Protein chains: 2
Amino acid sequence: MKKAAELFNDFITKKNLRMTPQRALILDIFLKKQGHISAEELYDLVKKRDPSIGQATVYRMLKLLSESGIARAVEFGDGVARYESHIGREHHDHLICTECNKEVEVVDEDIEKLQERLARKHGFKLTGHKMYLYGICRQCQRKKGG
Amino acid sequence: MKKAAELFNDFITKKNLRMTPQRALILDIFLKKQGHISAEELYDLVKKRDPSIGQATVYRMLKLLSESGIARAVEFGDGVARYESHIGREHHDHLICTECNKEVEVVDEDIEKLQERLARKHGFKLTGHKMYLYGICRQCQRKKGG
DNA sequence: CTCTATAATGATTATCATTTTCATATTATA
DNA sequence: TATAATATGAAAATGATAATCATTATAGAG
């Protein structure tokens, strides 16, 4: 938690921006929330603690969090941007059940290595990736079978 | 080309929908366009051939194309949905240069196998995936270096 | 071929997430 | 504190997509 707050302060300073109570509160709430969160969900949480904060501020803050590398966007293809904390968390990809929308965070070192290799083969220097695996989870397979 | 048109006809029939000149034209243009295309880009192309076609029809058609398995959505995270032909084309993933937005279609059989394995490990039956690799292409690396 | 029920069309409006605007308030600093 | 720049919140604007609805076109029955 502390590390992220420091990182954000560094970012703010470097960019000649300013720390404000609103930003501090939004950062705090964002970091405490695990998993992914949309701007609106975050706004709802923020409002509970300070109803005077506007949602434009939340949107603006999410942009700053992304730029600073503290948050990163996760696309689910439903037209809503979601963000997750990118600091103090392991990198992971997403395994999603297309029946019940359950989501599991996964990592596979071998895949990561092959991604590097694949990019290099095409002359690219890999800087990041997003991988979404879609399938049917155990429970939903049972449901369908029964 | 022919195969996709037949597939769409089968889909249309099975769903008790109807083939129309508009749908035929949009399908034709969609199939001829390689790479990915947004609803608006497709609409612009369609308008050139028949200015009377409305964009609602294009949106509706893209939905049908997705449902029928002829098109599939590609997310680029810029808030615009793009589609690409999914028939008569090899499956592929995307390698994108974050500097110049150049995009290369890639496939790696080893990665595909590991994805299967990873999903299975979590009890999922894999039905599909999306993988986006982000990096800096050769030219842009040079540019930065020079 | 004609009739008929139903689906498709296109123009328009609505929706929903996100961004911008702008007047006001707050901040860091001199 | 005074000042210049940035941040805020409310509201309006935007942009992509979806829904509405009156009209038109289609497939199949006869």
Side-chain angles (χ1 to χ4, degrees), chain A residues 8-30 36-68 71-84, chain B residues 5 8-30 36-68 71-83:
Chain A
F8 188 69
N9 256 313
D10 293 351
F11 173 79
I12 282 291
T13 306
K14 195 169 56 192
K15 286 260 186 178
N16 281 316
L17 304 175
R18 289 167 189 172
M19 185 47 90
T20 65
Q22 290 91 335
R23 288 181 175 169
L25 177 60
I26 296 171
L27 175 62
D28 185 58
I29 291 173
F30 176 77
H36 38 77
I37 190 170
S38 67
E40 192 165 350
E41 286 163 354
L42 181 56
Y43 175 52
D44 286 343
L45 291 178
V46 167
K47 260 194 307 190
K48 280 186 199 159
R49 289 237 246 143
D50 183 346
S52 74
I53 291 182
Q55 70 182 133
T57 301
V58 173
Y59 274 97
R60 285 188 278 237
M61 184 61 179
L62 278 172
K63 194 176 241 175
L64 290 179
L65 288 172
S66 295
E67 285 171 18
S68 67
R72 82 168 167 173
V74 188
E75 309 287 340
F76 276 84
D78 63 347
V80 183
R82 285 159 199 289
Y83 299 83
E84 61 183 20
Chain B
F8 188 69
N9 255 312
D10 293 351
F11 172 79
I12 283 291
T13 306
K14 195 168 56 193
K15 286 260 187 178
N16 281 315
L17 304 176
R18 290 166 189 174
M19 185 48 89
T20 66
Q22 290 91 337
R23 287 182 176 170
L25 178 60
I26 296 170
L27 175 62
D28 185 58
I29 290 173
F30 176 77
H36 38 75
I37 190 170
S38 68
E40 193 165 349
E41 286 163 354
L42 182 55
Y43 175 52
D44 286 343
L45 290 178
V46 167
K47 260 195 307 191
K48 280 187 199 158
R49 289 237 247 143
D50 183 347
S52 74
I53 291 181
Q55 71 183 133
T57 301
V58 174
Y59 273 98
R60 285 188 278 237
M61 184 62 178
L62 279 171
K63 195 177 239 176
L64 290 178
L65 288 171
S66 295
E67 285 171 18
S68 67
R72 81 168 167 172
V74 188
E75 310 287 340
F76 276 84
D78 62 348
V80 183
R82 286 159 198 288
Y83 299 83

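If you're wondering where the values come from, they're calculated on a predicted model, not measured in any experiment. Each chain gets a letter, A, B and so on, in the order its sequence line appears, and its residues count up from 1.
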*Asks:* Within this structure, what is the CD1-CG distance for the pair B:I37 and B:L45, rounded to the nearest 0.5 Å?
*Replies:* 5.0 Å
*Asks:* In whole angstrom, give the distance that lies between atom CD of A:Q55 and atom P of D:dG9.
*Replies:* 11 Å
*Asks:* Once you round it to whole Å, what is the distance between P of D:dA16 and OH of B:Y83?
*Replies:* 13 Å
*Asks:* Rounding to an integer number of Å, can you tell me how far A:K47 NZ sits from D:dT8 C1'?
*Replies:* 17 Å
*Asks:* Identify, between B:T20 and B:A56, the residue whose nearest nucleotide on DNA chain D lies closer to the 5' end.
*Replies:* B:A56
*Asks:* Which is true for A:R60 with a 4.0 Å heavy-atom rule: it touches a base, it touches only sugar-phosphate, or it touches nothing?
*Replies:* base
*Asks:* Does a nitrogen or oxygen in the side chain of A:Y59 sit under 4.0 Å from OP1 or OP2 of C:dT19?
*Replies:* no
*Asks:* Working to the nearest 0.5 Å, report the span between CG of A:L62 and OH of A:Y43.
*Replies:* 13.5 Å
*Asks:* Under 4.5 Å between any side-chain heavy atoms of A:E41 and A:R82, yes or no?
*Replies:* yes
*Asks:* Of the options D:dT17, C:dG10, D:dA7, whose atoms approach the side-chain atoms of B:I53 most closely?
*Replies:* C:dG10
*Asks:* Using whole Å, what does the distance between atom P of nucleotide D:dT6 and atom CZ of A:F11 come to?
*Replies:* 14 Å
*Asks:* Using a cut-off of 4.0 Å on non-hydrogen atoms, how would the nucleic acid contact of B:S52 be classed: base, sugar-phosphate, or nothing?
*Replies:* sugar-phosphate
*Asks:* OP1, OP2 of C:dG10 versus side-chain N and O of B:Q22: anything below 4.0 Å?
*Replies:* yes
*Asks:* Taking atom C1' of D:dA5 as reference, at what distance in whole Å does atom CD1 of A:I12 sit?
*Replies:* 14 Å
*Asks:* By nearest atom, which of the nucleotides D:dA16, C:dA8, C:dT26 is closest to the A:R18 side chain?
*Replies:* C:dT26
*Asks:* Roughly how many Å is it from CG in B:L65 to P in C:dA8, rounded to a whole number?
*Replies:* 14 Å
*Asks:* Taking for each residue the nucleotide of DNA chain C with the nearest heavy atom, is it B:Y43 or B:L17 whose nucleotide lies nearer the 5' end?
*Replies:* B:L17
*Asks:* When you measure from the side chain of B:R23 to the backbone N and O of B:R18, does any donor-acceptor pair fall under 3.5 Å?
*Replies:* yes
*Asks:* Could you state the atom-to-atom distance from CZ of A:R23 to C1' of C:dA28 in whole Å?
*Replies:* 13 Å
*Asks:* When all nucleic acid strands are considered with a 4.0 Å heavy-atom cut-off, which category describes B:P51: base, sugar-phosphate, or nothing?
*Replies:* nothing
*Asks:* Once you round it to whole Å, what is the distance between C1' of D:dA16 and NZ of B:K63?
*Replies:* 13 Å
*Asks:* Decide yes or no for B:L17 and B:L64: does some side-chain heavy atom of the first lie under 4.5 Å from some side-chain heavy atom of the second?
*Replies:* yes
